[in-house]
Amino acid sequence: MDPSAIPPALIPPLRLRAGRELVDIATLDEALTFAERNPQPHGDYEGMIRRLQAASSTEDIIEAGNAFRWWAESNALIVEPGLPD
């Protein structure tokens, strides 16, 4: 398999709440789709979207993943492992 075909991953993957549903997010593509479908008021939403869309280098990928995690935390979307759903 061509390594460039593998989408950049979030390490560790996140479990987020979207209304009543739980969504597992493992890649930047999944993060971008989730964020676009679930815009939230807190955090730098537009900046996070730009980072997710443009991430190409390892540094960009890490920065985009961190921006997404921070945005999700700012909006209380993350479901911590071991806590009740």
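As a basis for the values below, the full set of heavy atoms in this structure was taken, side chains included, without hydrogen atoms, waters or symmetry mates. All residue numbers in this chain count up from 1 along the given sequence.
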K.L.:
Measure the CD1-CG distance between Ile61 and Leu28 for me, rounded to the nearest 0.5 Å.
P.N.:
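Nearest 0.5 Å value for the CD1-CG distance: 6.5 Å.
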K.L.:
Quick one: does any side-chain atom of Tyr45 pair with a main-chain N or O of Ala35 as donor and acceptor, under 3.5 Å?
P.N.:
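Side chain of Tyr45 to backbone of Ala35, a donor-acceptor pair under 3.5 Å: yes, one is there.
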K.L.:
Mind checking what makes side-chain contact (heavy atoms from CB on, under 4.5 Å) contact with Asn38, not counting sequence neighbours?
P.N.:
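Expected list: Ala18, Phe34, Gln40.
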K.L.:
Of all the heavy-atom pairs spanning Glu30 and Ala26, show the shortest one and how long it is.
P.N.:
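Scanning both residues, the minimum pair turns out to be OE1-N, 2.6 Å.
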K.L.:
Enter the distance from Glu21:CD to Leu16:CG here, rounded to the nearest 0.5 Å.
P.N.:
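Going from CD on Glu21 over to CG on Leu16, the span is 12.0 Å.
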K.L.:
I'd like to check the salt bridge (charged side-chain N to carboxylate O under 4.0 Å, His left out) partners of Asp60; sequence neighbours left out, ordered by chain and number.
P.N.:
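With sequence neighbours excluded, Asp60 shows a salt bridge (charged side-chain N to carboxylate O under 4.0 Å, His left out) to no residue whatsoever.
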K.L.:
Working to the nearest 0.5 Å, report the span between CG of Leu32 and CZ of Phe68.
P.N.:
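Rounded to the nearest 0.5 Å, the CG-CZ separation comes to 9.0 Å.
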K.L.:
Who are the side chain to side chain donor-acceptor pair (under 3.5 Å) partners of Asp24, not counting sequence neighbours?
P.N.:
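Side chain to side chain donor-acceptor pair (under 3.5 Å) check on Asp24 returns Arg15.
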K.L.:
Listed by chain and number, what are the side-chain contact (heavy atoms from CB on, under 4.5 Å) partners of Ser74, not counting sequence neighbours?
P.N.:
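With sequence neighbours excluded, Ser74 shows a side-chain contact (heavy atoms from CB on, under 4.5 Å) to His42, Trp70, given in chain and number order.
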K.L.:
Look up atom CZ in Arg69 and atom CD1 in Ile25, then write down how far apart they are to the nearest 0.5 Å.
P.N.:
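The distance works out to 11.5 Å.
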K.L.:
Checking Ala67 now: which residues fulfil side-chain contact (heavy atoms from CB on, under 4.5 Å) with it, not counting sequence neighbours?
P.N.:
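So Ala67 forms a side-chain contact (heavy atoms from CB on, under 4.5 Å) with Met48, Arg51.
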K.L.:
With sequence neighbours left out, write down each residue that passes side-chain contact (heavy atoms from CB on, under 4.5 Å) with Ile62, or none if nothing qualifies.
P.N.:
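With sequence neighbours excluded, Ile62 shows a side-chain contact (heavy atoms from CB on, under 4.5 Å) to Thr58, Asn66, given in chain and number order.
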